[in-house]
Amino acid sequence: MQLSVAGQQISVEAGATFADAFKQALSNKQYKNLVVARCGESLLDLTTAIPADCAAVEPVFADSPEGLVVIRHSTAHVMAEAVKKLFPTAKVTIGPSVDNGFYYDFDYERPFTPEDLEAIEAEMLRIVGADKAFARQELTSAEARAHFDADGEKYKVELIDDLGVEQVSTYTQGGFTDLCRGPHVPRTGLLKAFKLTTVAGAYWRGDEKNPQLQRIYGTAWATPKDLKVYLERLEEAKKRDHRKLGTQLDLFSFHEDVGGGMVLWHPKGALTRAILEDFERKEHLKRGYQFVQGPLILRRELWEKSGHYDNYRENMYFTEIDEQAYGIKPMNCLSHMLIFKSRLRSYRDLPQRYFEHGVVHRHEKSGVLHGLLRVRSFTQDDAHILCRPDQLREEIIGVVKFVRDVMDIFGFNFEAEISTRPEKSIGSDEDWDRATDALKDALEHMDMPYAINAGDGAFYGPKIDIKIKDALDRSWQCATVQCDFTLPERFELSYIGEDGNKHRPVMLHRVILGSIERFMGVLIEHFAGAFPVWLAPTQARILTVTDAQNGHAEKVLRFLQEKGIRAEADVRNEKLGYKVREAQLDRIPYMLIVGDKEVEADGVNVRVRGGADVGFVSLSGVAQIILDAAHEPFKRGGMSYSFS
RNA sequence: GCCCAUGUAGCUCAGUCGGUAGAGCACUUCCUUGGUAAGGAAGAGGUCAACGGUUCAAUUCCGUUCAUGGGCUCCA
């Protein structure tokens, strides 16, 4: 038969496998790097006989995204084999590939220890060294069920029962057989680069009511070199960890006596957030938002009316005084609605865009707290837009544009997701459909691709979530736009229309940065602590060579401060090298060195954060350099900003 | 909330097989006045996370709580 293999027409005998075909079409080197075959949409084992309906086949190499998925999945099987060999009473469950690696969940009588992981990894290396074949078997569900039942693999039996199909496939390598759709690499010898990383608890089928299993995570790559690069990237991420940098740069801390998830902002961290917030306020004013502010606690009845008491109570803090119950706000919308409601509104007044840096408290489960990225007390850059239905689309577009403008300043890329109606929710199907359509419509108008997150909306309406991608290509949920037809209903918000009758406004909840705390955490990691000049809490530090220059340092400091530059002077009795090192570790953008020469010439010697030596610069010259650098990120959008 | 691990000086960590603790950096003082990533010396600094239990004796063993870390589930 004739078929196209990697773009070449070749002929193969009937019954030939994909491996036979590739052997003809590929160089020896390419062939060795081959993992599976792709025929149309499906990936197939190389050992599979070429089906009659397959006219064109493409190779999938080890280092391709699809190839890596196969390698990781096969490595998971090898790990399961190793675990069964070392711990025969462990029950296997599932073991998929994930980003950068794989995991396999086991039911075992005790937790696995780091020493167990070493032993398992050593056993895996033996299995890989033996270069065993992965063999696929097709069998009926009944046969497979009998096989796993005989082995006491109750989880596999449950999986087969739930699949509810006639035929299943299994894969065997060495003495280990696993229920699996495949495909797999042809031989274990192709798995050249893996490492077990961690062991963790996980629920069977992700449900916390189910038994807790032992999950072993590993990473696997096409080559040892790729593995090494990945492990180095992990090290890099560790160095950028905002919790570590937060201590090193003296930005913030947590205190056991304060409670979990409560941040204490130190002067440098508080200044940086103040700059962020100031920047945001100015951008909101430019876009027609109005500042408002509500209290931290509101009477419980109000939360009952909004539906938060029924739907969100377990996440709220409550307090009581004079027999009056109050809820500490987990969201800012109620005050904003009451402000809207405080007087009669005309259709001419809409949209009303209320903005507040609102401090909210949410009692997140103790196990989910994570540095600044998940806290219990945080500040949202929150706004509620109350508008007419016909203004909805334009308002959503305005918000998405706002997000784009702001994220450009930081150099973040982003992607959008639309989340639809969850099970626990309020409002009519019609309202939900209308709101969801408006969100889709706005993203389509903006030519922004989006994914759908079915059932992931807030209880009061669907939403667009915007995830930003940082310097290490990790994504973070920050901005969100939530459409809400239900709260205006519950609070009987209205405006007088052109027709003189009352009409119901639509409310948009939206945040741009999300939470200031989380965004700060993301920024710290994105910039590895080296904030851009406009955000850096200290923009310049004056370093004296000896105390003979203290007077000049004082003069330079005052000069820069008068220009609105955040500067400080290091006049300690230390050597210059020592001061430079500290300034570098503190990620100060500009080090201004003053020795006798600079006093003489009335200027400074500039060293920038990256280590480059600018040389001698006059006082007005250095102020200009710093102010220009602070302005740089805003140039692209024709924007400007300065904190003073 | 669940599973596992961890909690010793401001930071990073040693240590005590049960007899109340140590280093480096940081801090203070002194010497040193040194030109681009750590000059030298001395000093001070700890209820060994908190609370209970076992013990003649607990920082060490056990329990509980709190906090932190890695996951699960959930979220800005």
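So you know, we letter chains A, B, ... as the sequences are listed, proteins then strands, and number each from 1.
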Checklist entry - Counting only distance, no hydrogens or angles, is the base of B:C3 paired donor-acceptor with the side chain of A:Arg215 under 3.5 Å? => result no
Item to check | Identified side chain to side chain donor-acceptor pair (under 3.5 Å) counterpart of A:His357 within the set A:Gln380, A:Glu280, A:Glu277 | outcome: A:Glu280
Checklist outcome for this item: A:Asp456 atom CG is separated from B:A76 atom C1', nearest whole Å, by 13 Å
Item to check | Under-3.5 Å donor-acceptor pair between A:Tyr203 side chain and B:C2 base | outcome: yes
Item to check | Test log, rule ring pair (Phe, Tyr, Trp, His ring centres under 6.0 Å), inputs A:His384 and A:Tyr354 | outcome: CA-CA 5 Å; A:His384 292 91; A:Tyr354 297 146; 8.7 Å; no
Checklist entry - Phosphate oxygens OP1/OP2 of B:C72: is one of them under 4.0 Å from a side-chain N or O of A:Tyr217? => result yes
Checklist entry - For B:U6, which nucleotide in any strand shown is its Watson-Crick or wobble partner with both distances under 3.5 Å? => result B:A67
Checklist entry - Under 4.0 Å between a side-chain N/O of A:Arg205 and OP1 or OP2 of B:C72, yes or no? => result no
Item to check | Sugar-phosphate only, base, or nothing, as touched by A:Lys597 at under 4.0 Å among non-hydrogen atoms | outcome: base
Item to check | is_close_aromatic(A:Phe106, A:Tyr155), centroid dist under 6.0 Å | outcome: no
Checklist entry - Now, which nucleotide makes the Watson-Crick or G-U wobble pair with B:U73, with each of the two distances under 3.5 Å? => result none
Checklist entry - Counting side-chain heavy atoms from C-beta on, which of B:C75, B:G1, B:G34 comes nearest to A:Arg374? => result B:C75
Checklist outcome for this item: Taking B:G34, B:A76, B:U68 as options, the one with an atom nearest any side-chain atom of A:Leu369 is B:U68
Checklist entry - Counting only side-chain N and O atoms of A:His370, is one of them less than 4.0 Å from OP1 or OP2 of B:G70? => result yes
Checklist outcome for this item: Partner of B:G34 under the Watson-Crick or G-U wobble criteria, both distances under 3.5 Å, comes out as none
Checklist outcome for this item: To the nearest angstrom, the NE2-C1' distance between A:His384 and B:A76 comes to 13 Å
Polar atom pairs (N or O), protein with nucleotides 38-45 of chain B, under 3.5 Å:
unit_1 : atom_1 : unit_2   : atom_2 : d
B:A38  : N7     : A:Arg581 : NH1    : 3.2
B:A38  : N6     : A:Arg581 : NH2    : 2.6
B:A38  : N1     : A:Arg581 : NH2    : 3.0

With the criterion being N/O to N/O and under 3.5 Å, what pairs connect the protein with nucleotides 46-48 of chain B, and how long is each?
none

Checklist entry - Which comes earlier along RNA chain B counting from the 5' end, the contact point of A:Arg572 or that of A:Asp241, where each point is its nearest nucleotide? => result A:Arg572
Item to check | Distance-only side-chain donor-acceptor flag, A:Gln477 / A:Thr480, under 3.5 Å | outcome: no
Checklist entry - Within the structure shown, what part of the strands sits under 4.0 Å from A:Asp465 by heavy-atom distance: base, sugar-phosphate, or nothing? => result nothing
Next on the checklist: Over 60° means perpendicular and under 30° means parallel, so tell me whether A:Tyr312 and A:His308 are parallel, tilted or perpendicular.
Outcome noted: perpendicular
Next on the checklist: Could you check whether A:His509 and A:Asp382, counting side-chain N and O atoms only, form a donor-acceptor pair closer than 3.5 Å?
Outcome noted: no
Item to check | Residue pair A:Phe402, A:His284: steps toward the ring pair (Phe, Tyr, Trp, His ring centres under 6.0 Å) verdict | outcome: CA-CA 9 Å; A:Phe402 195 170; A:His284 277 82; 4.8 Å; yes
Next on the checklist: Base, sugar-phosphate or nothing for A:Gln584? Non-hydrogen atoms, less than 4.0 Å.
Outcome noted: base
Taking only nitrogen or oxygen atoms into account, show me every contact under 3.5 Å that the protein makes with nucleotides 10-12 of chain B, one pair per line with its distance.
none

Checklist entry - What nucleic acid atoms does A:Val375 come within less than 4.0 Å of, heavy atoms only: base, sugar-phosphate, or nothing? => result base
Next on the checklist: Checking base pairs now: Watson-Crick or wobble, both atom distances under 3.5 Å. What partners B:G24?
Outcome noted: B:C11
Item to check | Nucleic acid contacts of residues 256-266 of chain A, taken as heavy-atom distances under 4.0 Å to RNA chain B | outcome: A:Glu256, A:Gly260, A:Gly261
Checklist outcome for this item: To the nearest angstrom, the CG-P distance between A:Leu372 and B:G69 comes to 10 Å
Item to check | Opposite nucleotide pairing with B:G19, Watson-Crick or G-U, both atom distances under 3.5 Å | outcome: B:C56
Checklist entry - Name the one of A:Phe410, A:Phe531, A:Phe519, A:Phe412 that satisfies ring-ring contact (aromatic ring centres under 6.0 Å, His included) with A:His526? => result A:Phe412
Item to check | Distance-only donor-acceptor test, A:Glu364 side-chain atoms vs B:G1 base atoms, 3.5 Å | outcome: no
Next on the checklist: Please list, in numerical order, the residues of residues 508-521 of chain A that have a heavy atom closer than 4.0 Å to any atom of RNA chain B.
Outcome noted: A:Gly514, A:Ser515, A:Arg518
Checklist entry - Picking from B:G35, B:U36, B:C72, which would you name as closest to the side chain of A:Glu598? => result B:G35
Item to check | 5'-most by nearest nucleotide on RNA chain B - A:Met591 or A:Ser366 | outcome: A:Ser366
Checklist entry - Roughly how far, to the nearest 0.5 Å, is the CZ atom of A:Phe87 from the CD1 atom of A:Ile120? => result 5.0 Å
Next on the checklist: Whether A:Lys463 contacts B:A76 is assessed here as follows: a side-chain N or O lying under 4.0 Å from the phosphate OP1 or OP2. Is that the case?
Outcome noted: yes
Checklist entry - Under 4.0 Å between a side-chain N/O of A:Thr480 and OP1 or OP2 of B:A76, yes or no? => result no
Checklist entry - Which is true for A:Asp596 with a 4.0 Å heavy-atom rule: it touches a base, it touches only sugar-phosphate, or it touches nothing? => result base
Checklist entry - Between the side chains of A:Thr544 and A:Lys579, does any donor sit under 3.5 Å from an acceptor? => result yes
Checklist entry - Of all residues at least two apart in sequence or in a different chain, which pass the side chain to side chain donor-acceptor pair (under 3.5 Å) check with A:Asp105? => result A:Arg215
Item to check | Exceeds 12 heavy-atom contacts within 6.0 angstrom, atom CD of A:Glu232 | outcome: yes
Next on the checklist: From C-beta outward on A:Ala202, which listed nucleotide comes closest to its side chain: B:A37, B:G70, B:C72?
Outcome noted: B:C72
Checklist entry - A:Ile468 CD1 to B:A76 P: how many Å, rounded? => result 14 Å
Next on the checklist: What's the closest nucleotide to the side chain of A:Arg362 if the choices are B:G70, B:G71, B:C75?
Outcome noted: B:C75
Checklist entry - Between the side-chain atoms of A:Asp613 and the base atoms of B:U36, is any donor-acceptor pair under 3.5 Å? => result no
